[in-house]
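Structure, as structure tokens:
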Amino acid sequence: MTTAASALPGAPFFGYRGGELHAEEVRVSDLAREYGTPLFVYSQAAMLAALAAYQRAFAGRDAQICYAMKANSSLALLQLFARAGCGFDIVSGGELARVLAAGGDPAKVIFSGVGKTRAEMRAALAAGIGCFNVESEAEIDVLDAVAREAGKVAPISIRVNPDVDAKTHPYISTGLKGNKFGIAHERAVAVYRHAASLPGLRVVGIDCHIGSQITDAAPYLDAVDRVLDLVAAIEAADVPIRHLDFGGGLGIDYHGDHPPAADVLWARLFERIDARGYGRRRILIEPGRSLVGNAGLCVTEVLYLKPGEQKSFCIVDAAMNDLPRPAMYEAYHAIVPLAPREGAAAATYDVVGPVCESGDWLGRDRALAVQPGDRLAVLSAGAYCASMASNYNTRARPAEVLVDGSRAHLIRARESVEDTFRHEALLPA
Ligand code: LLP
């Protein structure tokens, strides 16, 4: 299936002009010629527009947007979001180091994740992050000990598991009882009481995150209700909660998906929050995909066409190591030519990469009129693509370019093959 030009995910920041795909004012094929393929191309205006939808929703509120940087952690993008006032949701000491390298404000950093090490806790305390989102009872006691050893008090929120079904792919659904994330709803009051009694911790908030690529408002409304019920119960037990963190998870349009716009969703959530009397609380959110997903594409070149009896393959130079989402989640990404061959007959191909795995596909059963040497764009590739890329098959990771109007900034040089084995050692002679 080809995607009609008017309906490209990422429009209006990505679209055809004069028969050529553009990112803002820049012809994508010019970038491919200059920087080679595979190549990630991002639109700054698309990211700022996605952010603006949240900012509109939070105008006049006491709120902090913490970009979930796992979606795309390139330094330049962190810098862009930091300059726009964002904090960051991090899940490792490595991500903290990136925030600091990009000039982000540590006070606006929240630290999520079920497996924080003591060393990561120490680094985050030393940096003075805003809040640890604690995910288990065991972690509470370790963080208390680490903070006391460091002569600090760790600000914490407890990630509660609201047990709501986000109705998304099981690998990216996180708010159900069977998931490894968060502390069970029923344990929350007892755990808050315990945390509040520890000298190394200061309770500042509560948080939840129910999953990713959520395209419906209903699970959010359920989560808001459940979290607010808990806040009432926790405060009745004399533990004040300053901020409410509702996580991330809002989906994007990959293939005819219709998630609510961020401002529309939040208008609904605020109706509920206001009606229940919590409208003046400080609100935090942790959006990732919805800020960057449709602000990026990956350019790839057609290497070979391989017609077959059952299937025909379009073999391209990008692969599952660059774009792992189809292989991992059977995710759909639209794939379009940079310069459509008008009038040429299309054939149906599986678009696959050079990696030696049958799971190495980028798109299945796509109607494409292509020849070797043509370039294609894999759309909706701004989130969870470059940040999940690997060196499998000793493939160097792609370059990344950020387009701003008619300018293009190389924000990550293509890795060299030597880079991929720089830290390895040969055995002694
Ligand atoms: N906060 C927490 C605690 C999270 O675990 C996540 C994502 C987010 C925020 C951001 O969620 P978002 O707004 O991006 O949906 N690799 C998968 C997605 C994994 C999401 C993991 N957690 C994918 O490619 O679909």
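Quantities reported herein were computed from a predicted structural model and do not represent experimental measurements. All ligand and atom numbering here is 1-based and tracks the order in the structure.
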Original post:
Out of curiosity, I65 CD1 to K108 NZ, how far, rounded to the nearest 0.5 Å?
Top reply: 10.0 Å
Subject >> Those atoms of ligand 1 less than 4.0 Å from some heavy atom in M388 >> reply: 16 (N)
Original post:
R159 to ligand 1: N or O pair under 3.5 Å?
Top reply: no
Original post:
Checking side chain to side chain contact (heavy atoms under 4.5 Å, CB included) against D317, which of T37, V299, L376 comes through?
Top reply: T37
**OP:** Please confirm whether P287 comes under 4.0 Å of ligand 1, counting heavy atoms of the residue only.
**Re:** yes
Original post:
Which ligand 1 atoms, with their elements, are less than 4.0 angstrom from a heavy-atom of D89?
Top reply: 1 (N), 2 (C), 9 (C)
Original post:
At what distance, to the nearest 0.5 angstrom, does OG of S29 lie from CG of L338?
Top reply: 6.0 Å
Original post:
Which of the atoms in ligand 1, numbered in the order shown and given with their element, are less than 4.0 Å from a heavy-atom of E286?
Top reply: 1 (N), 2 (C), 3 (C), 8 (C), 9 (C), 10 (C), 13 (O)
**OP:** Mark up the atoms of ligand 1 that fall under 4.0 Å of a heavy atom belonging to R289, in ascending order.
**Re:** 12 (P), 13 (O), 14 (O), 18 (C), 23 (C), 25 (O)
**OP:** For atom 10 (C) of ligand 1, state which one of C208, A68, C385 supplies the nearest heavy atom.
**Re:** A68
Original post:
Is K70 salt-bridged to E95, going by a charged N under 4.0 Å from an acidic O?
Top reply: no
Original post:
Taking N or O atoms only and a 3.5 Å limit, does R325 qualify as a polar contact for ligand 1?
Top reply: yes
Original post:
Can a salt bridge be assigned to the pair E235 and R281 using a cut-off of 4.0 Å between side-chain N and carboxylate O?
Top reply: yes
Subject >> Enumerated ligand 1 atoms positioned under 4.0 Å from heavy atoms of G288 >> reply: 12 (P), 13 (O), 14 (O)
Original post:
Is ligand 1 less than 4.0 angstrom away from at least one heavy atom of G249?
Top reply: yes
Original post:
Are the side chain of E400 and the backbone N or O of A386 linked by a donor-acceptor pair below 3.5 Å?
Top reply: no
Subject >> F181 contact mode with ligand 1 (heavy-atom cut-off under 4.0 Å) >> reply: neither
Subject >> Ionic contact status for D225 with R272, cut-off 4.0 Å >> reply: yes
Original post:
So is K70 close enough to ligand 1, meaning a heavy atom under 4.0 angstrom away?
Top reply: yes
**OP:** Measure centre to centre between the rings of F313 and Y304, then say whether the value is under 6.0 Å.
**Re:** no
